[in-house]
Amino acid sequence: LLEETGQEEIFGDELKTILQKSGKAIGELGAYEAVIDGVKTFIRPGSKKPKGWQITFRGRKPGSFIDSLAKGQGSLLVSRDGVLLIPLSKVQKVIEDPNAYDQDTIDIWIVFSEEKVTLSYKDKAIDVTQFRLLQQ
């Protein structure tokens, strides 16, 4: 599936500029992880699927993406459409089944519309528009 206009992935220097213009302190900025405002942040653009942008949490070891989600520690940076910087404690709000964190992977979905941005897991969804760094 093709990316829609405005939902292209944002890379490197442009991403750094957006973070800085949003008043974020960048301690480190790698391809998949960063330290933003002193918080470990996982950078994922998502994969385009019919349901929206799929983001997969993986890893069972301490400090991994899924471990951080289970603890609600850190943030998810979605490097598309205005850039979303979502605390993992907010992502947890859609994952109501505590057994989900025992899986090898957890897939969430990001859907961009003109009015809002929605984050969902299975049949639960929340509005995450407020976490967009650049308003469209």
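The figures here come from the full heavy-atom set of this structure, side chains too, leaving out hydrogens, waters and symmetry mates.
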The complete set of ring pair (Phe, Tyr, Trp, His ring centres under 6.0 Å) pairs with one or both residues in residues 86-106, sequence neighbours excluded, reads none

Taking ring pair (Phe, Tyr, Trp, His ring centres under 6.0 Å) as the cut-off, I'd like each qualifying pair that reaches into residues 68-95, sequence neighbours left out, listed once.
none

Cation-pi check, K48 to W53: give yes when NZ or CZ is under 6.0 Å from the six-membered ring centre and within 45° of the ring axis, no otherwise.
yes

Quick one: CD1 on I108 to CD1 on I95, what's the gap to the nearest 0.5 Å?
7.0 Å

Gap separating the CD1 atom of I86 from the CG atom of L77, nearest 0.5 angstrom
8.5 Å

I'd like to know if the side chain of K40 reaches the main chain of S68, judged simply by a donor and an acceptor atom lying under 3.5 Å from each other, with no hydrogens or angles considered.
no

Hey, could you give me each pair passing ring pair (Phe, Tyr, Trp, His ring centres under 6.0 Å) that has a residue in residues 13-48? Not counting sequence neighbours.
F42-F65

Checking the side chain of R44 only, and the main-chain atoms of L76 only, is there a donor and an acceptor separated by less than 3.5 Å?
no

Nearest atoms (heavy-atom pairs only) where S79 meets I43
OG-CG2, 4.3 Å

Side chain to side chain contact (heavy atoms under 4.5 Å, CB included) between D97 and Y121: does it pass, once the steps are laid out?
CA-CA 10 Å; D97 178 6; Y121 173 75; 5.6 Å; no

Mind checking the CD-CG spacing from E33 to L29? Nearest 0.5 Å is all I need.
11.5 Å

Give the cluster check for I10 versus L134: same hydrophobic cluster or not, with ILVMFWY residues linked at side-chain heavy-atom distances below 4.5 Å.
yes

Quick one: closest heavy-atom pair of K90 and I126, and the distance?
O-CD1, 3.4 Å

A34 versus E28, closest heavy-atom pair with distance:
CB-O, 3.2 Å

Using a 3.5 Å distance criterion without hydrogens, assess whether the side chain of R80 forms a donor-acceptor pair with backbone atoms of P45.
yes

Do side-chain atoms of T129 reach the backbone of V117 as a donor and acceptor pair under 3.5 angstrom?
yes

Who passes side-chain hydrogen bond (donor to acceptor under 3.5 Å, both in side chains) against K71, sequence neighbours left out?
D67

Can you name the nearest heavy-atom pair linking A125 to T118, along with the distance?
CB-CG2, 3.6 Å

Just checking, is any N or O donor in the side chain of Q54 or D107 under 3.5 Å from an acceptor N or O on the other one?
yes

Qualifying salt bridge (Lys or Arg N to Asp or Glu O under 4.0 Å) pairs, either residue in residues 54-65, two or more places apart:
R60-D104

Paired with V91, the side-chain contact (heavy atoms from CB on, under 4.5 Å) test is passed by just one of I55, L119, I106, namely L119

Under a 3.5 Å distance rule, please check whether S113 uses its side chain to pair with a backbone N or O of V111 as donor and acceptor.
no

Say whether, by atom type as modelled, one donor and one acceptor occur between the side chain of Q92 and the main chain of A70 under 3.5 angstrom.
yes

Without swapping roles, check the side chain of Q73 against the backbone of L88 for a donor-acceptor pair under 3.5 Å.
no

Can you tell me how far CG of L85 sits from CG of D37, rounded to the nearest 0.5 angstrom?
7.5 Å

Atom CG of L69 and atom OG of S89: how far apart are they, to the nearest 0.5 Å?
10.0 Å

Let me have the donor-acceptor pairs involving side chains of residues 14-26, under 3.5 Å, with sequence neighbours excluded, atom names and distances please.
| unit_1 | atom_1 | unit_2 | atom_2 | d |
| --- | --- | --- | --- | --- |
| T17 | OG1 | D13 | O | 2.9 |
| S22 | OG | I18 | O | 2.9 |

Filter on salt bridge (Lys or Arg N to Asp or Glu O under 4.0 Å), then keep only pairs touching residues 109-128, sequence neighbours left out; what's left?
E96-K124

